[in-house]
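Down below is the structure, laid out as structure tokens.
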Amino acid sequence: MAGLAVNVDHVATLRQARQATYPDPVAAAILAELGGADGIVVHLREDRRHIQDRDVRIIREVVKTKLILEMAATHEMVGIALNIIPDLVTLVPEKREELTTEGGLDLIVHKHTIAEDINTLHGQGIPVSIFIDADLDQVKLAHMINADMVEIHTGTFCDATNPQEQQKAFNKVIDAVKLASKLKLQVNAGHGICYKTIKAFAGLSEIDEFSIGHSIVARSVLTGMEQAVREMRTLIDAL
Ligand code: PXP
């Protein structure tokens, strides 16, 4: 059975929209674990647009499953990882102007620096996953530079608007997942997966874990709305 790692970045996005102290991604992480999450993912971005350093520190302390730190392969972030010692680091590309991670790390371009970072992180016993596009060459390079794991980018499949495009993208995901598994890499998959697209992965047993954020946080806003309004209604009724 595949695992589910829940990304709580978007809870922090809501907090930062008001520069408030709530909703707290730490509380969301605890509740996600109570709901059955096998791991908690936070992406500490260079611009700190959602998750803050304090969130990572506290989530590290309170998480009972595992903490997956998603981060760019920069000197600053590697230093933070060495200090926090997450259960897994997922290396992702990062651009300031993007709304969310737009694609996988290009190992053809970055293999030497990524290999160095993997070495450094391994030195502290931190396993490393690399977020890559569903591309066989990227899978081979991840294996070559000693990654423990790859996370295959599912966004192209999930965001496709016509069936042919979607099938083509999914076939690429299947091929990448199968090659990674054959090379004895652990295989995660993530980006854009929602309550509909998750169903496509039935039978793809090589996937060890799904990394899902936006759709879960979005749904929790709606499933929690009735209760939240009722609680405020009760307070107003008592005035
Ligand atoms: N995996 C990676 C590497 C990501 O960057 C993200 C988005 O932060 C996710 C998974 C989760 O994607 P989504 O929020 O679309 O579920």
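Along the sequence shown, residues carry numbers from 1. When a ligand or atom number is given, it counts from 1 through the structure's own listing order. All values reported here derive from a predicted model rather than from experimental measurement.
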Is there a side-chain contact between [X] and [Y] (heavy atoms, below 4.5 Å)?
{"X": "N171", "Y": "Q167", "result": "yes"}
{"X": "D175", "Y": "L179", "result": "no"}
{"X": "S215", "Y": "I193", "result": "no"}
{"X": "V8", "Y": "I59", "result": "yes"}

Legend entry - Any N or O of I193 closer than 3.5 Å to N or O of ligand 1: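 Min N/O separation from ligand 1 is not below 3.5 Å for I193.
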
Inset, instruction - Ignoring angles and geometry beyond distance, decide whether E70 reaches within less than 3.5 Å of ligand 1 through its nitrogen or oxygen atoms. - result: yes

Inset, instruction - Evaluate the side chain to side chain contact (heavy atoms under 4.5 Å, CB included) criterion for residues H10 and T13: first the C-alpha distance (whole Å), next the side-chain angles of each, then the deciding distance (0.1 Å), finally the verdict. - result: CA-CA 5 Å; H10 291 291; T13 299; 3.9 Å; yes

Which of the numbered atoms in ligand 1 are under 4.0 angstrom from any heavy atom belonging to [X]?
{"X": "N7", "value": "8 (O)"}
{"X": "F131", "value": "3 (C)"}
{"X": "V92", "value": "3 (C)"}
{"X": "S211", "value": "1 (N), 10 (C), 11 (C)"}
{"X": "I212", "value": "16 (O)"}

Inset, instruction - Check each of E94, E151, H191, R45 against atom 1 (N) of ligand 1 and report the one with the nearest heavy atom. - result: E151

Inset, instruction - For the residue pair F170 and F157, categorise the inter-ring angle as parallel (less than 30°), tilted (30 to 60°) or perpendicular (more than 60°). - result: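 Plane angle between 30° and 60°, so tilted.
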
Checking a contact table here: which protein heavy atom is nearest [atom], and how many Å away?
{"atom": "atom 16 (O) of ligand 1", "result": "G213 N, 2.8 Å"}
{"atom": "atom 14 (O) of ligand 1", "result": "H214 N, 2.8 Å"}
{"atom": "atom 15 (O) of ligand 1", "result": "G192 N, 2.8 Å"}

Legend entry - Lys/Arg N to Asp/Glu carboxylate O, E226 vs R230, below 4.0 Å: yes

Inset, instruction - Give a yes/no verdict on whether any heavy atom in T90 is under 4.0 Å from an atom of ligand 1. - result: no

Inset, instruction - May I ask whether S215 has any heavy atom positioned less than 4.0 angstrom from an atom of ligand 1? - result: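 S215 does not count as a contact of ligand 1 under the 4.0 Å cut-off.
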
Legend entry - R48 vs D55, salt bridge (Lys or Arg N to Asp or Glu O under 4.0 Å): CA-CA, chis, key distance, verdict: CA-CA 11 Å; R48 306 300 196 270; D55 303 331; over 6 Å; no

Legend entry - More than 12 heavy atoms of other groups within 6.0 Å of R18 CZ: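 Not buried by this count: 12 neighbours or fewer within 6.0 Å.
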
